[in-house]
J.: 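Mind having a look at this structure? Questions to follow.
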Amino acid sequence: SSNSHNLGACCGSDEKTYMVGGWAWAWWLITDIQRITLEIMTLQPKCEDVETAEGVAITVTGVAQIKVMTDHDLLAIACEQFLGKSVPEIKGVVLQTLEGHLRSILGTLTVEQIYQDRDKFAQLVREVAAPDVGRMGIEILSFTIKDVYDKLDYLSSLGKTQTAAVQRDADIGVAEAERDAGIREAECKKEMMDVKFLADTKMADSKRKLELQKAAFNQEVNTKKAEAQLAYELQAAKEQQKIRLEEIEIEVVQRKKQITIEEKEIVRTEKELIAMVKRPAEAEAYKMQQLAEGQKMKKVLMAQAEAEKIRRIGEAEACSIEAIGKAEAEKMRLKAEAYQQYGEAAKTALVLEALPKVTHYGFKSHKSLCLLFLNAVYLHVCLFRFNQIKSLLP
């Protein structure tokens with residue numbers, strides 16, 4: 001709560017109890033209860049046409065923030081002073097006190113002191129008035145000067161003079177500041193360039209060191225990677241070799257088993273071939289041998305019989321040819337004698353008589369010789385006919 005409660009005594013007792021916020025027991029119709037606010041109160045003290053130390057009448061307006069102090073002893077003092085009074089009445093008492101101190105202090109200061117340093121003036125008022133209001137249980141939280149003015153334009157003239165002086169000082173200050181700023185800017189630029197150059201140098205050196213370090217790290221990492229890769233490949237090769245050796249051993253065992261099976265199969269096949277092929281083949285070969293020998297003997301006997309037949313036929317033909325030859329010789333002798341008598345006509349007749357036989361047997365054996373012979377005969381006949389015709393001409 002923002003109120004303080006004063007609980008009076010009962011049955012004629014003078015004992016008082018102070019309760020800041022919270023609650024307390026009170027007897028109805030017996031206990032006397034009074035309240036005082038603990039909220040912050042705002043005051044606006046104003047002193048019009050107050051003469052300063054130089055005799056210039058000015059008007060000053062301030063703003064003050066006050067409140068009742070909650071310390072037990074000071075709260076008791078405040079209750080003695082203000083219990084039963086309203087907030088406006090409390091504010092009026094404190095306001096009169098502040099305005100009195102403000103008026104008294106204005107008479108000791110010049111207009112320039114009041115106008116130029118308001119904070120110092122407000123601090124002075126607060127320090128002077130604080131003990132008095134404190135004895136009433138009131139605390140000044142803050143006090144500031146809100147406004148200062150006069151009716152004779154003294155402050156305005158003072159402001160113009162000060163403004164001109166300030167403007168002059170400001171121009172001088174601006175020129176000096178620009179000069180100093182130029183000098184300082186050049187110095188700053190130089191320092192900046194020096195710092196930048198130094199920073200660039202350090203940066204380049206750091207970058208070079210970083211690159212060298214990175215290169216060293218990369219080399220180390222690549223070396224470790226290569227070693228790890230080589231170790232991995234070597235281990236993998238060893239494992240692969242072990243696996244291959246085991247596979248070879250397995251293949252050898254399997255091959256041995258396969259060879260054993262194949263050998264048994266070969267033995268079985270050989271026995272089967274002997275039983276199924278060799279024995280029947282030997283029997284068939286023996287059979288064929290016996291048949292061939294029988295055929296051979298048959299052919300030999302047949303050839304001997306044929307040879308004997310041919311010999312006998314040849315002997316018969318020879319006898320026949322001999323007889324025919326003798327007959328033909330005799331026939332030729334007689335024809336020769338006739339040819340001697342008839343001359344060329346006989347020769348031509350002989351040729352023509354033999355021509356069919358020569359042609360028949362010649363075409364069977366020697367066709368080209370036969371044709372040559374026929375041409376010769378044809379020429380001979382033509383020549384013979386020509387001589388006959390020539391002999392008949394006169």
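In this text the structure is predicted, and so the values were computed from the model without any measurement. All residue numbers in this chain count up from 1 along the given sequence.
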J.: Taking side chain to side chain contact (heavy atoms under 4.5 Å, CB included) as the definition, give me every residue that meets it alongside D71, ordered by chain and number, with sequence neighbours left out.
T.: D73, L74
J.: Once rounded to the nearest 0.5 Å, what's the spacing between atom CG of D119 and atom CZ of R126?
T.: 9.0 Å
J.: Partners of E176 by salt bridge (Lys or Arg N to Asp or Glu O under 4.0 Å), sequence neighbours excluded?
T.: none
J.: Please, which pairs that meet side chain to side chain donor-acceptor pair (under 3.5 Å) have at least one residue in residues 209-220, sequence neighbours excluded?
T.: D205-K209
J.: Apart from M288 itself, which Ile, Leu, Val, Met, Phe, Trp or Tyr residues share its cluster (side-chain heavy atoms under 4.5 Å, direct or through members)?
T.: L291
J.: Which hydrophobic side chains are connected to I40, either touching it within the sub-4.5 Å cutoff or through other members that do?
T.: L141
J.: Between atom CD1 of I145 and atom CG of L102, what is the distance when rounded to the nearest 0.5 Å?
T.: 5.5 Å
J.: On a heavy-atom basis, which atom in T37 and which in V68 lie closest, and how many Å separate them?
T.: O-CG2, 3.5 Å
J.: Sequence neighbours left out, what passes side-chain hydrogen bond (donor to acceptor under 3.5 Å, both in side chains) with Q235? Give chain and number order.
T.: E239
J.: So, Q254 versus Q258: side-chain donor-acceptor pair below 3.5 Å or not?
T.: no
J.: Would you call R244-E251 a salt bridge at under 4.0 Å N-O?
T.: yes
J.: Could you tell me which residues satisfy salt bridge (Lys or Arg N to Asp or Glu O under 4.0 Å) with K189, sequence neighbours excluded, listed by chain and number?
T.: E185
J.: Just jot down the side chain to side chain contact (heavy atoms under 4.5 Å, CB included) partners of V50, sequence neighbours excluded, or say none.
T.: C47, R103, L106
J.: Under the salt bridge (charged side-chain N to carboxylate O under 4.0 Å, His left out) rule, what pairs show up with a residue in residues 287-297, not counting sequence neighbours?
T.: none
J.: Evaluate the side-chain contact (heavy atoms from CB on, under 4.5 Å) criterion for residues I140 and L98: first the C-alpha distance (whole Å), next the side-chain angles of each, then the deciding distance (0.1 Å), finally the verdict.
T.: CA-CA 10 Å; I140 300 175; L98 288 176; 3.8 Å; yes
J.: Which heavy-atom pair separates R118 from K146 by the least distance, and what is that distance?
T.: NH1-O, 3.7 Å
J.: Look only at the side chain of T59 and the backbone of D49, and say whether a donor-acceptor pair between them is shorter than 3.5 Å.
T.: yes
J.: Run the side chain to side chain contact (heavy atoms under 4.5 Å, CB included) test against I183 and tell me which residues pass, sequence neighbours left out.
T.: R179, E187
J.: Run the salt bridge (Lys or Arg N to Asp or Glu O under 4.0 Å) test against E233 and tell me which residues pass, sequence neighbours left out.
T.: none
J.: Salt bridge (Lys or Arg N to Asp or Glu O under 4.0 Å) with K46: which residues, sequence neighbours excluded?
T.: E48
J.: Looking at every heavy atom in both M136 and T97, which two are closest together, and how far apart are they?
T.: CE-OG1, 3.9 Å
